[in-house]
Structures are given as C-alpha cells and as structure tokens.
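Residue numbering restarts at 1 for every chain, and letters A, B, ... go by the order of the sequence lines.
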Number of protein chains: 2
Amino acid sequence: MTGAPRRRIPEATVARLPVYQRILEELLRSGTTTVSSEVLATLARVSAAKVRKDLSLLGSFGTRGAGYDAAYLIDQIGRQLGLDRIWPVAIAGVGNLGRALARSEGFAARNFCVAALFDNDPRIVGEIVHGVVVRPTSELPAVATATPLAMGVITTPAPVAQRVADAMVEAGIRSILNFAPRVIEVPADVLLRYVDLSIELQVMSFYQARSSESTAMEGMPVIRSIGLSPPAS
Amino acid sequence: MTGAPRRRIPEATVARLPVYQRILEELLRSGTTTVSSEVLATLARVSAAKVRKDLSLLGSFGTRGAGYDAAYLIDQIGRQLGLDRIWPVAIAGVGNLGRALARSEGFAARNFCVAALFDNDPRIVGEIVHGVVVRPTSELPAVATATPLAMGVITTPAPVAQRVADAMVEAGIRSILNFAPRVIEVPADVLLRYVDLSIELQVMSFYQARSSESTAMEGMPVIRSIGLSPPAS
DNA sequence: GTGTGTGAACTTGTTCACAGCG
DNA sequence: CGCTGTGAACAAGTTCACACAC
C-alpha cells in the first residue's frame, strides 16, 4: 500500500523510535501538528542531526522549511516497528508486578493485548484481573494452541522463572521478557530480554552521574561495604 | 586501599557490568568460584572477547589459564559501579507499581535503600509499605533536607508526573527514574531516565525478531490498523 | 529564510588473533 | 597447554556542514 522503503534500520535508531513516537503523541495531544527536528531532539534529549538521520531512514517524511507532520510520523514509526497489528501477550506470575503490568494502559496503547494470565497459587487462579481470568500455568500449552502468543512476560518469583521460561518455549513462544531477578537459559533462536526494575537502569544512571564530575552526592553519608581481598595467587 | 586503575570506562561496558555481576552472583550461589570469559559470555549472551576486554578495563583480575575469581570480580564490579555504599531512594506514587518496587528485594540487594514513600491519596498516606510510612508529597522538601536522597523514582499517574519531578528537582534530587508514561522536562544537569514497562523493550524485541527473518509470527492473525494518508503537500 | 536530507569526517565500540603468563 | 590481556583491523554509530526543497 504505502510504498515503504524497506532499508535496513540500524539498531541504535530502532531503540530511539519508540521515544520519538511517545513524544510525538504527547505533542499531538497538546495541539501541535507539526514539529521540527530541533524540538523533537530537545524533548528526546538527543541531537537534531540524529533525529533527522533517524527519520530519513524511514523515508522522506519531512517538509523542508517546515518540519514533520506529527500524526503521519507516528503512523510511519508504528509501521516500521510492527505496531500496526495486534500482538497477544501472556503474563506468568500474577503478583504485585504482574498485576501492575496487566492493568497498565501502556499495552493496549501500543497494540499489545494481554491475552492470558498464569499463576500457580490456588488463591490467585480463577481471579479476574483487568478482564482476564488467571489460569494455572499447566494450561499454558492449551492456551497457546488456541491463541498463538507473540510474547511471554515472566513476573514470577526467581525460583520458578526457569521452569516458566521452559514452558513458554515449549508452547512456541519466541520472545520472552524476563522481570524475574534470575538468569534464565533459552534456545539461541528465542529472543530473551531482561528487565531489572531495581538495578541495571539505576546503576547506569549513577555511574554516569558520578563520572561526569557531578558534585550532587558530595554531602551524602558514605557507607562503604567491606571489600574482599584479591584471590590468593 | 585497593589500587584501582581509574581509567575511563566506556559507556557500553558500563551497561554490561551489572549483567555480569548478576550472573556471577548466581554462579557463586550455585557453588562455582572460578569462571572463564567463555562461560560468562555464554550466560550473558555476548562474545568472550567482549567479556575479556570489558573486565580488563577494570584491572587485571583474571588468572591466565584458570579464569576469574567470581567473588572478587563481583566486588570489583560493584566498586566500579559505586555500589559499595548505600544509596537512599524515594518513590513517589504508591500504586500497584510503586508498591511492587518498594517491596522488591532487588533494591536492598544492590545497596539501594527505599528511604521514603510519597503519595497524595489520603487513603494511602499513613500506610506502611515494606516498613516505610507513606507521606504526602508536600513533605518531600522536609524529608530531603533530613535525609539526602540520591534518586527519585516516579511511579505516579501520568498527569502528575511533571509536578512530582519538579518537586524532586527542587528538593535537590539529581537522578530521576521515570516510570510514568509521560515525557517530563528537567534541567540539563539532572539525570533523567525513562522506564517504559510496556513498550520500549518489547518494541525493540519485536523489531529484532522480525528483522532477523523469524518465521515465528507466520501463523498469527494479522490485524492492521488503518493508516493515515501522507500530509498534504 | 528555514529546516530537511545526506555524503564525508570522525568517534566509539567490536572482533580478531596472538603474545605471554600461570 | 588453557585462558587472559591487548594492540591492530574492522564495523557501527554520531557529528558536521552544506546543498537543496519549500
């Protein structure tokens, strides 16, 4: 239909596209219909040149002298990212985090649909969260057969994360998002991503803050842990 | 004390260090004390050369012919990342997600300490979550004065996210982690990081899955949204 | 004039391959 | 002999600067 340029988009660009998209959506909501690379760059905290290069890879959607049409750009980015169709996801582990994810608006806003919830706690099985009934994990294969699942989200306690991952792989799920604080192993052809809510992101932030000579932490109580000795040689 | 080589560590390496660290901790728990770059690389899903180069930047901690001492390496990585001291964090917004974060083990495991919780809902204020009392957001300045806060975590609904961010900046917080699905603006010297639970990560995963010629989604019901027309020229 | 689109220069990050230490 | 540590070759990503379309 729309003559899309099927070039290969660099990974670094792909990682920024959702950021642009969300900013564009907000601008649109606040009444802005046209946006320049300069403005988009400021809001996304990147350089204007980067924005222009990124967007030019999807095609020439901008208007010289004016900027980009926000609505059209949102649509083009969405198409590029595969968000122009609905992706059914399953969430395993209906605790605090699983519940928060299932109820969050974000999924639906990006055409992800929470199609199934799994948990092994008999007090939770049968409960209806955000319109979806919680089933025992043993029913995963049956559900996956009836409704092909595009992605599995693991929000279980760490000890059962690997078992759940195995079940998901067995059921044909090829993309897994792991929120459990546990390293899991899956076949090489399965896409596995970790989200560590408490650690990785913060750690990076802190390191960057400290390495850019920030003096913000100057007045803080420094409590050092006891270091280990180097291994005996 | 430990003669640390204070070289500049590349950002890409810093991003991988927490991954190595967690894997090392798990290996240690399962009884492994020494690990080769090969093994660590496989578990972290990167190349062995990368692991060696990354670790060599922190100093020469490995033993040729044998590998690395897991416990010692964990400690060295922790020191490099600034995790050898305790960082107090404040969480604003004690809903599903805020609660899940406050209760999660991960913070304490990495020397982050949930020092304060804020919410404006009178039904939530006063509640004690994971041993910390929930205060009204108006008390943020007072709390920040008494206990310097290293990081602010925003888990509020989108509409109040900007207001909370402003209050945090005002209170002297220089690192903010935003879980609210809303673009917020802070001064350039404040470190701002977005975590979009439902979107960015999944989107990337999907794009990568599709672009590597995966046939996994072949049998899925494709439901395309209605595309927009190009902007009138 | 204004702001996009893009080759060319540059910087950062990754892989290779192997010397050398334990 | 195995595995680290590292310079040197290569690839990816970013910035620059400017031609050109509106």
**Report entry** B/Arg45: side chain to side chain donor-acceptor pair (under 3.5 Å) partners, not counting sequence neighbours
**Finding:** none
Query - From A/Tyr68, A/Tyr72, A/Tyr20, residue fulfilling ring pair (Phe, Tyr, Trp, His ring centres under 6.0 Å) relative to A/Phe61 - result: A/Tyr72
Query raised in the report: Base, sugar-phosphate, or nothing for B/Ala66, non-hydrogen atoms under 4.0 angstrom?
Result: sugar-phosphate
Please give, in whole Å, the distance from [N] [atom2] to [X] [atom1]?
X: A/Leu58; N: C/dT6; atom1: CG; atom2: P; answer: 12 Å
X: B/Phe61; N: D/dG5; atom1: CZ; atom2: C1'; answer: 13 Å
X: A/Leu73; N: C/dT4; atom1: CG; atom2: P; answer: 11 Å
X: B/Arg8; N: C/dT12; atom1: CZ; atom2: C1'; answer: 13 Å
X: B/Leu55; N: C/dT14; atom1: CG; atom2: P; answer: 14 Å

Donor-acceptor check, side chain of [X] to backbone of [Y], threshold 3.5 angstrom: yes or no?
X: B/Asp84; Y: B/Gly78; value: no
X: A/Glu26; Y: B/Val183; value: yes
X: A/Thr155; Y: A/Gly93; value: yes

Check the interface with nucleotides 19-21 of chain D: list each N/O to N/O pair with the protein under 3.5 Å, or write none.
| from | atom 1 | to | atom 2 | distance (Å) |
| --- | --- | --- | --- | --- |
| D/dC20 | O2 | A/Arg64 | NH1 | 3.2 |

Report task. Kindly state which residues belonging to residues 34-43 of chain B come within less than 4.0 angstrom of DNA chain C, counting heavy atoms of the residue only, listed by number. Result -> none
Query raised in the report: Could you give the distance from CG (B/Asp69) to OG1 (B/Thr34), rounded to the nearest 0.5 Å?
Result: 5.5 Å
**Report entry** Pairwise distance CD1(B/Ile77) to CG(B/Asp54) - rounded to 0.5 angstrom
**Finding:** 9.0 Å
**Report entry** Sequence neighbours excluded - side chain to side chain donor-acceptor pair (under 3.5 Å) pairs with any residue from residues 159-172 of chain B
**Finding:** B/Gln162-B/Asp166
Where [X] and [Y] come nearest, the two heavy atoms and their spacing:
X: A/Pro88; Y: A/Pro148; result: CG-O, 3.3 Å
X: B/Tyr194; Y: A/Arg22; result: CD2-NH1, 3.8 Å
X: B/Ser175; Y: B/Val190; result: N-CG1, 4.4 Å
X: B/Ile9; Y: B/Leu57; result: CD1-O, 3.6 Å
X: B/Lys50; Y: B/Val46; result: CD-CB, 4.2 Å

Requested in this report: State whether B/Tyr68 places a side-chain N or O below 4.0 Å from either non-bridging phosphate oxygen (OP1 or OP2) of C/dG22.
Outcome: no
Requested in this report: Describe, as an angle rounded to 10 degrees, how the axis at the first end of the helix from C/dG1-D/dC22 to C/dG22-D/dC1 is tilted relative to the axis at the last end, five pairs per end.
Outcome: 20°
Just the atom pairs and distances: protein N or O near nucleotides 12-16 of chain D's N or O, under 3.5 Å.
| from | atom 1 | to | atom 2 | distance (Å) |
| --- | --- | --- | --- | --- |
| D/dT14 | OP1 | A/Arg16 | NH1 | 3.2 |
| D/dT14 | OP2 | A/Arg16 | NH1 | 3.4 |
| D/dT14 | OP2 | A/Arg16 | NH2 | 3.1 |
| D/dT15 | OP2 | A/Ser47 | OG | 3.1 |
| D/dT15 | O4 | A/Lys53 | NZ | 3.3 |

